[in-house]
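Comments concern the structure below.
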Amino acid sequence: MTAKPQGLAVRPGVIHYPGLLDPPAQRAMVDELRGAAAVAPFFTPRMPRTGAPLSVRMTNCGALGWVADEAGYRYVPSHPETGLPWPPIPGRVLALWETLADCPAPPEACLVNFYSSAARMGLHQDRDEATFDAPVLSVSLGETAVFRLGGISRRDPTRSFRLASGDVLVFGGEARLAFHGVDRLIPGSSTLLEKGGRLNLTLRRVTPFQRPAST
DNA sequence: CAGTCTCA
DNA sequence: TTGC
């Protein structure tokens, strides 16, 4: 995949690439992620202050990983339970970023969220990064998610649409800070993951990069 | 500088 | 890096 594929603008700045990864590519990516999860096991994130658990389980790849616990939301260089550095971002995940992100620097964080059939994710923004110049790239693997997308303000109207296995979504430009979440999964919609559920990868730039000079 | 929780 |  060298040329940039065509996508659908769900709203300005949010591009949906349905079925961008064919089933063999999805399987290969899942295999890579299994290797990463063997080094950095999934853990249960918690809400700041209350400690209420989120229903997803998560791990990370890359130089920095996103964690959530009583202390807050933040990026850290190592796994909160093992203390080991996050494993590298898998090659085919990096390749997707290179094709789609239009960004001169590689991603620093690859958050891997696992949704069981009952997991959900409330509406939120990805805003814990020190730069919003780079887009956020999201990859869906496994069961279809009923995804919810809003605007920049929490009270903006929202829309819902489905994200199936192999779909890629890019949040950039004016939509980089769009609210989004997952209402639910559609059970039985995929057999990619033997035990069901859904993996979502979120690729992000965390620290600023030097943009090419304009003259 | 309160949040991607949840339940009232 | 959470207490305020």
Side-chain angles (χ1 to χ4, degrees), chain A residues 10-11 13-14 16 37 40-86 107-132 134-163 167-172 174-186 197-208:
Chain A
V10 184
R11 45 163 282 153
V14 180
H16 184 194
F42 283 90
F43 59 94
T44 299
R46 285 171 274 115
M47 287 295 288
R49 315 165 100 82
T50 68
L54 278 66
S55 57
V56 299
R57 301 216 301 147
M58 68 171 46
T59 187
N60 291 271
C61 303
L64 294 168
W66 189 84
V67 299
D69 60 20
E70 284 83 346
Y73 300 153
R74 62 204 181 277
Y75 282 93
V76 294
S78 54
H79 192 286
E81 292 172 2
T82 67
L84 294 173
W86 304 108
E108 294 168 295
C110 175
L111 174 63
V112 183
N113 280 152
F114 175 73
Y115 292 75
S116 68
S117 54
R120 296 177 282 100
M121 179 72 81
L123 257 202
H124 67 280
Q125 295 172 295
D126 291 3
R127 46 178 276 170
D128 301 311
E129 301 74 32
T131 175
F132 303 130
V136 171
L137 191 154
S138 152
V139 184
S140 296
L141 295 167
E143 289 178 337
T144 297
V146 179
F147 188 76
R148 185 160 295 277
L149 176 67
I152 299 312
S153 161
R154 188 175 275 281
R155 49 198 166 82
D156 289 337
T158 64
R159 267 193 183 311
S160 110
F161 56 98
R162 292 173 178 207
L163 289 178
D167 288 11
V168 176
L169 200 60
V170 179
F171 294 78
E174 61 192 285
R176 169 63 182 75
L177 290 172
F179 277 85
H180 59 282
V182 171
D183 289 348
R184 63 188 173 87
L185 299 192
I186 299 185
R198 168 179 186 257
L199 286 172
N200 181 71
L201 314 186
T202 316
L203 288 165
R204 304 173 175 127
R205 193 68 212 171
V206 179
T207 63

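Proteins come first, then strands; the chains are lettered A, B, ... in the order of their sequence lines, and each starts at number 1.
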*Using whole Å, report how far CE of Met47(A) lies from P of dG3(B).*
7 Å

_Of the listed nucleotides (dC5(B), dG3(B), dT1(C)), which one gets closest to any side-chain atom of Tyr73(A)?_
dG3(B)

*Between Glu70(A) (CD) and dG3(B) (P), how many Å, whole number?*
15 Å

*Would you say the base of dT2(C) and the side-chain of Arg49(A) have a donor-acceptor pair closer than 3.5 Å?*
yes

*Could you work out which one of dT6(B), dG3(B), dT1(C) sits closest to the side chain of Arg120(A)?*
dT6(B)

*What is the distance from CG of Leu123(A) to C1' of dC5(B), rounded to the nearest Å?*
14 Å

*Roughly how far apart, to the nearest Å, are dT1(C) and dC5(B) at atom P?*
23 Å

*Give a yes-or-no answer on whether the side chains of Glu143(A) and Ser117(A) include a donor-acceptor pair shorter than 3.5 Å.*
no

*asked:* Closer than 3.5 angstrom, by distance alone: can the side chain of Arg46(A) be matched with the main-chain N or O of Pro48(A) as a donor-acceptor pair?
replied: no

*Starting at CZ of Phe179(A) and ending at P of dA2(B), how long is that distance when rounded to a whole Å?*
15 Å

*Is Arg162(A) atom CZ crowded by more than 12 heavy atoms from other residues, nucleotides or ligands, each under 6.0 Å away?*
no

*Could you check how far CE of Met121(A) sits from P of dC5(B), rounded to whole Å?*
7 Å

*Nearest heavy-atom pair of Arg57(A) and Pro45(A): which atoms, and what distance?*
CA-CD, 4.3 Å

*Can you tell me the distance, in whole Å, between the CG atom of Asp126(A) and the C1' atom of dG3(B)?*
12 Å

*In whole angstrom, what separates Asp183(A)'s CG from dC5(B)'s P?*
11 Å

*Rounded to the Å, how far apart are Arg57(A) CZ and dC5(B) P?*
17 Å

*Taking the side chain of Leu54(A) as its heavy atoms from C-beta onward, which of dT1(C), dC5(B), dG3(B) lies nearest to it?*
dC5(B)

*So which nucleotide from dG3(B), dC5(B), dT2(C) ends up closest to the side chain of Ala52(A)?*
dC5(B)

*Is any side-chain heavy atom of Phe114(A) closer than 4.5 Å to a side-chain heavy atom of Arg198(A)?*
no

*With heavy atoms under 4.0 Å as the rule, sort Gly181(A) into base, sugar-phosphate or nothing.*
nothing

